[in-house]
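Read through the structure below, which is laid out as structure tokens, and then see the notes.
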Amino acid sequence: MFDSKTYTNRRNILKNKFEDGLILIMGNTDVPMNYPSNTYRFRQDSNFLYYFGLDMPNLAGIIDVEEGRDYIYGNDVDMDDIIWMGPQPLMKELGVKSGIKYTAPFNNLAEVLTTAIKEKRRIHFLPPYRAEIKILLEDLLGIKVSQLKNYASEELIKAVVEQRSIKEKQEIAEIEKYSEIAYTMFTEAMKMAKPGEIEFNIAGTMEGIALQNDCYISFPVILSKHGETLHNHSHENTLQKGDLLLIDAGVDSPMHYATDHTRTIPVGGKFSAQQREIYQIVLNSQMAAIEAIKPEVTYQNIHLLACREMVNGLKKIGLMQGDTNEAVIQGAHTLFFPHGLGHMMGLDVHDMEDLGENYVGYDEETKRINQFGTGYLRLGRKLQEGFVLTVEPGIYFIPALMEQWRKDKKFAQFINYEKLKEFKSFGGIRIEDDVLVTKDGHRVLGKPIPKTIDDIETYMILE
Ligand code: GLY
Ligand code: MN
Ligand code: MN
């Protein structure tokens, strides 16, 4: 946890944005895996972590705006708990860590909320995303599970997004510190990516490195020689010479800050001529995007710039043709790049998406472009100093999509379907880094993981 002042300050900033009401922030509970006492690894709610910092189940926080007091609700452990879990800090002690004087048993929460409802006080709560919390909130607030989302406080959502979007120095330091683990995970994977190796050995090694460093993974490892499947979680293939291996993985740090990187590497350490061509186009697109990152520029425009860079590269090798700008406006490039350039990152790998993607990524000024592929851009709005985001363009040759578009003659003025035949079993390439928006520009976070063709080949062959 950070210093207790961090949490007090964060709550005060939030409180000052409201005139009245109660702000209710629910912590997470344990979730059963296959029977009640065999639970998934506990992951605290990120909003609760941000405002209260306490990383254990069955807690809730209330910020009373009129009273100007903060409360934590949770139970002290009893002897049974001590026998199974060992000694645990008392609620009072947890309160001190969080900068909170007022702690009370969890059951008191129902009483406090019932009184607030009777007094017609506004209760601001965030949209719940877990079934357990939805059921609990239905009980506590008397709002049906199916309706909770509609009653979530837009004012609170917007206030939280505004605050959490700008990362504190200590948050950035935590991300950077644990990017070192990401570096080790990826470079170990590079050493292992030899013909005959099975994907799950590499994926398991990467996850193991996270665990060995008191971390977890920020999302299930994506690791596949079928990189054309964007989120491929199956790890059963045996690698062969000539394969490309796409690895997209991240660390969930002990304080639950995420990292998120992608590298695509040649099995055995040497890219083929065709692989080099496509790799260089993706890299140029990623580098152009990173270069353009600075405050006041919209990420939507950076996404479109990355797309134009990609189209120019694809034109050079004869896969696309025609006017670059027009191709991008019409969406012809989305055959190759059917997703967004990146997303916010922080306590969540897709930061704050529980609050609603549009609240995080868009605003009155920048609206989502509702077009195939481009519509998946999760972050479009103007960048500000302190944002942490990912830059992750990719080129994929998705056989089913290529076949469909070819049959439909879709964007035939821009796409060379004859040449495309050569890429039927190419796979996919994505390159991803985590970037901080600084006062004057940007900084790529973490120890650089080999990324250029030369760096990757040199690293893989030397190691
Ligand atoms: N969670 C995968 C990605 O956004 O890169
Ligand atoms: Mn990723
Ligand atoms: Mn990402």
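Counting starts at 1 for both ligands and their atoms, following the listed order.
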Parallel, tilted or perpendicular: which describes the rings of Phe18 and His124, with under 30° parallel and over 60° perpendicular?
->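 Taking His124 first and then Phe18, their aromatic rings stand perpendicular (interplane angle over 60°).
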Ring geometry between Phe397 and Phe423 (parallel below 30°, tilted from 30 to 60°, perpendicular above 60°) |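 Ring orientation, 0 to 90° scale: parallel.
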Using a strict 4.0 Å threshold on nitrogen-to-oxygen distance, state whether Lys382 and Asp363 make a salt bridge.
->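 Not counted as a salt bridge, because no side-chain N and carboxylate O are separated by less than 4.0 Å.
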List the atom of Tyr279, the atom of Thr264, and the distance in Å for their closest heavy-atom pair.
->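 So the two residues come closest at CE1-O, 3.3 Å.
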Minimum heavy-atom distance Ala258-Ser218, with the two atoms named |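 So the minimum-distance heavy-atom pair works out to CB-CB, 3.8 Å.
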Will you find, in the side chains of Thr6 and Gln170, an N or O donor that is under 3.5 Å from an N or O acceptor?
->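 Indeed, the side chains of Thr6 and Gln170 share at least one donor-acceptor pair under 3.5 Å.
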Could you verify whether a donor N or O on one side chain and an acceptor N or O on the other, from His339 and Tyr396, lie under 3.5 Å apart?
->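 Their side chains do contain a donor-acceptor pair, which is all the 3.5 Å distance test asks for.
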Aromatic ring proximity, centroids under 6.0 angstrom, His256 and Tyr216 |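 No, the ring centres sit 6.0 Å or more apart.
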When you look at Ser253 and Lys177, which way does the side-chain contact (heavy atoms from CB on, under 4.5 Å) test go after all the steps?
-> CA-CA 9 Å; Ser253 83; Lys177 180 172 170 195; over 6 Å; no
Less than 3.5 Å apart, N/O on ligand 1 and N/O on the protein: could you list those pairs with the distances?
{"residue": "ligand 1", "atom": "4 (O)", "partner": "His343", "partner atom": "NE2", "Å": "3.0"}
{"residue": "ligand 1", "atom": "4 (O)", "partner": "His350", "partner atom": "NE2", "Å": "2.7"}
{"residue": "ligand 1", "atom": "5 (O)", "partner": "Asp248", "partner atom": "OD2", "Å": "3.1"}
{"residue": "ligand 1", "atom": "5 (O)", "partner": "Asp260", "partner atom": "OD1", "Å": "3.4"}
{"residue": "ligand 1", "atom": "5 (O)", "partner": "Asp260", "partner atom": "OD2", "Å": "3.1"}
{"residue": "ligand 1", "atom": "5 (O)", "partner": "Glu392", "partner atom": "OE1", "Å": "3.0"}
{"residue": "ligand 1", "atom": "5 (O)", "partner": "Glu392", "partner atom": "OE2", "Å": "3.4"}
{"residue": "ligand 1", "atom": "5 (O)", "partner": "Glu432", "partner atom": "OE1", "Å": "3.2"}
{"residue": "ligand 1", "atom": "5 (O)", "partner": "Glu432", "partner atom": "OE2", "Å": "3.3"}

Atoms of the protein (N/O/S only) found under 2.8 Å from the Mn ion (ligand 3) =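 Under 2.8 Å from the Mn ion (ligand 3) - ignoring waters, which are not counted - the protein N, O or S atoms are Asp260 OD2, His343 NE2, Glu392 OE2, Glu432 OE2.
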